[in-house]
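The structure under discussion appears below in the form of structure tokens.
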Amino acid sequence: GQVRRVRGVIRDIDEARRSRDRLQESEERFSRIFQAIPDPMGICSKSTGRYLEVNPAWEQATGISRHEALQDTSPQGLGLYTQADRDALLGMANAQGVLSAYEVDFTPRGQPTRTGLQSMQTIEFDGQACWLFGIKDITERKQAERLVQEREALLSLTIEAAALALWDLNMQTGEVVGDRQWRELRGLPPADPGLPPERWGEVVHPDDRTLAFAALDRHQNHPDQPFDVTLRLQHVDGNVRWVRNLGRVIARQADGRPLRMVGVGLDVTRQREQEAQLQKLAHFDALTGLPNRVQLAQALESAMHEARQSGQLLAVLYLDLDGFKPVNDTLGHGVGDQLLVEIARRLQGAIRAQ
């Protein structure tokens, strides 16, 4: 019996030694992994907040040596976090028992402040409750997000300043939706979720639909050339709005067929009206509305060419208005203008439209 007891003690001793060896091996494996992880990691006491271990990535990210971190009795003194940020971080961790991807700013030694996602969980280290923490530096990502936000804000401001309307065309169904300014171009109220989307063919003026679909086909066949066409859009008041549309296909099926096009529309109605007015002023008399000498020269040139080609004679009739100057002198230019307008009306009524 004594021998069995001795053998049992020896087995217990051997098992304890093996357990100790396994624990030591596990700790060594953890230490190797901990040291090799490329993200900053560390272990700190839950009760005192002191750092008990940090890995080389933490040293590189913070600019603080492991020796200094472990010797420091107050983590606040390292200057990594502001007191308010550190209190908020620990408060959240203690309340939840764990911390996952908590965004916090930290200031490395001698460097500008950076932004990280800090995660923490409870472990036992050297016989005491500790936080195992890791930090993922997202400074560049945050800067990129801010840059995107700034560009989006600038784009939005530019679009508003330029009075651009945004539209989105489903190229399979022909349905088109737009923002507030697009709907204003059409004389429509703000978007109502209950209303069905409009169709491109119904939005465009009938006389411009051929032009619109030709421009769509051209862009589909030559994607490097943007969709750029000026069209008349139907307005609910019965009038039209001239709109320059620029767009690009942004989504295609696997076989290359276009799915979606987005674009902007610029109201150029006023410019078109001014161009039409200038065109009219260039070819018609402003007072009477009769063709002016520019049109006379063009019509005469065309008629002379036709007469030469056909071998026919060409006659030119010249009408003079006698006694017009005394009307201006005695009754004023206003009455004289009225007389010219009335004579023009009677001449137009007396001859063919050609």
Treating [X] as the side-chain partner and [Y] as the backbone partner, does any N or O pair qualify as donor plus acceptor under 3.5 Å?
X: Thr139; Y: Thr115; result: yes
X: Asn292; Y: Gln295; result: yes
X: Arg183; Y: Gly178; result: no
X: Asn170; Y: Gln172; result: yes
X: Asn55; Y: Met41; result: yes

Output all residues satisfying salt bridge (Lys or Arg N to Asp or Glu O under 4.0 Å) with [X], sequence neighbours left out; order by chain, then residue number.
X: Arg346; value: Glu342
X: Asp255; value: Arg257
X: Arg141; value: Glu145
X: Asp87; value: none

Going by atom type alone, with no hydrogens or angles, which donor-acceptor pairs under 3.5 Å involve a side-chain atom of residues 214-223 and a protein atom two or more places apart or on another chain?
unit_1 : atom_1 : unit_2 : atom_2 : d
His219 : ND1    : Gln225 : O      : 2.6
His219 : NE2    : Val249 : N      : 3.1
Asn221 : ND2    : Asp217 : O      : 3.1

Pairs under 3.5 angstrom only: tabulate donor-acceptor contacts from the side chains of residues 258-266 to other protein residues two or more places apart or in another chain.
unit_1 : atom_1 : unit_2 : atom_2 : d
Arg260 : NE     : Asp168 : OD1    : 3.1
Arg260 : NE     : Asp168 : OD2    : 2.9
Arg260 : NH2    : Asp168 : OD2    : 2.6

Listing, residues 62-69 side-chain donor-acceptor contacts under 3.5 Å, not counting sequence neighbours, or none:
unit_1 : atom_1 : unit_2 : atom_2 : d
Thr62  : OG1    : Trp58  : O      : 2.8
Thr62  : OG1    : Ile64  : N      : 3.2
Ser65  : OG     : Glu68  : N      : 3.1
Arg66  : NE     : Glu53  : OE2    : 2.5
Arg66  : NH2    : Glu53  : OE1    : 3.1
Arg66  : NH2    : Glu53  : OE2    : 3.3
Glu68  : OE2    : Arg109 : NH2    : 3.0

- Message: I need the minimum non-hydrogen distance between Gly97 and Trp131, along with the two atoms involved.
- Response: O-CZ3, 3.9 Å

- Query: Looking only at heavy atoms, what is the nearest atom pair of Ile135 and Gly116, with distance?
  - Reply: CG2-CA, 4.2 Å

- Task: Using the test side chain to side chain contact (heavy atoms under 4.5 Å, CB included), find all partners of Pro206 that sit at least two apart in sequence or belong to another chain.
- Result: Arg209, Gln234

- Query: Mind checking what makes side chain to side chain contact (heavy atoms under 4.5 Å, CB included) contact with Leu321, not counting sequence neighbours?
  - Reply: Phe324, Leu340, Ile343

- Message: Checking side-chain polar atoms at under 3.5 Å, does Tyr102 have a donor or acceptor matched by the opposite partner on Gln96?
- Response: no

- Would Ser119 and Ser100 count as having a side-chain donor-acceptor pair, cut-off 3.5 Å? no

Restricting to pairs with a member in [range], which pass salt bridge (Lys or Arg N to Asp or Glu O under 4.0 Å), not counting sequence neighbours?
range: residues 328-341; value: Lys325-Asp329
range: residues 110-133; value: Arg114-Asp137, Arg114-Glu140
range: residues 284-308; value: none

- Note on the structure: Which of Gln274, Arg232, Arg241 passes side chain to side chain contact (heavy atoms under 4.5 Å, CB included) with Thr269? It is Arg241

- For His305, does the NE2 atom have more than 12 heavy-atom neighbours from other residues, nucleotides or ligands under 6.0 Å away? no

